[in-house]
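In what follows, a structure is listed as structure tokens, so that the remarks can point back to it.
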Amino acid sequence: MQPLYVRVHARDNVAIIVNPDGVRAGDLFAGGLTAAEAIPQSHKIVLRAIAEGEPIVRYGEVIGTATRDLSTGAWVREDMLRLPTAPALDELPLATATPADPEPLEGHTFNGYRNADGSVGTKNILGITTTVQCVAPTVDYAVRLIKTKLLPRFPNVDDVVAITHTYGCGVAIDAPGAAVPIRTLGHIAKHPNFGGAPLVVSLGCEKLQPSRLLPHASLQRLASAPLPVLADGPYVLKLQDQELRGFESIINAILGFAEKRLAELDKRRRTSCPASELSVGLQCGGSDAFSGVTCNPAVGYAADLLVRAGATVMFSEVTEVRDAVHLLTPRAANREVARDLIREMRWYDEYLERGSADRSANPTPGNKRGGLANVVEKALGSVAKAGTTALKAVATHGERVTTKGLVFAATPASDFICGTQQLASMNMHVFTTGEGSPYGLALVPVVKVSSRTALAERWFDLIDLDAGPIATGEATIEDVGWELFRFMLDVASGRKKTWADHWGLHNALAPFNPGPVT
Ligand code: CA
């Protein structure tokens, strides 16, 4: 392979090495640049000499200032950039360049499960919600029995999932931060993939009482006998109920209502639904310097296709948006949406400050190995997932998104916390990675897109789609974007399976709890 770099923007004075084995000192690029030293793949090469204190530019944006003189062809290491200050939140342009609504994209459908409340599922799952960690091992025990004894009799049901978590008691339940995990878990309990009728297992004495988890629902108590008749939920079983004597009786009660619910779920059938019924959560994890060049722009192209088809597309991860917020507030549908976005950035700035941290806490060692020097470079690559359409709405942490089009749903950047929080609203998940992650979720399909072909080849049975050929010019962003769009419709229809679902790789739920623990 000829020495090759990719430059994203004409203003850029650095570029990314494409060759999987890097380049050696003296290697000559087409166009005349010579590598001054060995530079690994995905790391930055200086395109023209940069003096100390001058800006280092990638994506057409300043990612740092040079801490020393950098000569042409040199390797730009992490310590050669000084982190710029984040864009000031009170000086941002508000809805000054709102994109016009794109041309509608008609005729794309998937076969989903339509629920009575109008929501659409992409899987058919028996979900058993828990209010508190104390009951988690008991529900896990019951789920193991349900899977072996009951599930084989209900072939139309995909899975049985215990919605377990570390929240529910020993917390300041009235503190403002408590609203975040409670909202998240409440929406997950009503996930469209569960058919819309939650089953809740509660201990009885916990702070997160079922009525607090599902405040607007008329909860119905499940007794151990006779077997409950289920119609529209939600139903609640309390382990401290006087009628339940001994562990076996507790397990039998859970199995009893699971059986009734499985019989109902087994009657669900996939029907043709417009692509507008998709609600796709976008996330990146284990990103590298290619993420912003290959997989994230391809996902951004697919995001535009979804928006054109009338679907909801959520991007998240506040700390990976913060340094690119000046590129997003102009794109807001109106000034109020722009202010909502700023509100979420400010909330997180203050949250980090309370923890004596700042945005330099992101990126990770793996991100840096993959050539990402700092959070500014990471954020500029990350927001490419958001495509080019207008930002229609902003949802706060754990809030359910109902708006169609592009939405910012505030979450931490941590993969498993972001994914948990997006579950409040999504029926499809797209995850981009450069360093690689076997991440997956039980509740929704997780489509994994790699930034580099080397990763897709090494993890051929974990990565669903390879965006690497964009870096070498063998594929275009449009090609991979369309491929991803079609793959999502196939997965949402149950025609194709993600690798995470093939292996059953399902991460634990990790609701974000910014409130105090007692
Ligand atoms: Ca992430």
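Whatever order the structure lists them in is the order used to number ligands and atoms, beginning at 1.
Using a 4.5 Å heavy-atom threshold, the side chains of E377 and N374 count as touching.
The number of protein N, O or S atoms lying under 3.0 Å from the Ca ion (ligand 1) is 5.
Between R212 and D174, at least one side-chain nitrogen of the basic residue sits less than 4.0 Å from a carboxylate oxygen of the acidic one, meeting the salt-bridge criterion.
Ring geometry for Y351 versus F512: interplanar angle over 60°, hence perpendicular rather than tilted (30 to 60°).
Listed by chain and number, the residues in a ring pair (Phe, Tyr, Trp, His ring centres under 6.0 Å) with F408 are F315 (sequence neighbours excluded). With sequence neighbours left out, H502 forms a ring pair (Phe, Tyr, Trp, His ring centres under 6.0 Å) with W499. Scanning for side-chain contact (heavy atoms from CB on, under 4.5 Å) contacts around T98 gives A95, A390, with sequence neighbours left out.
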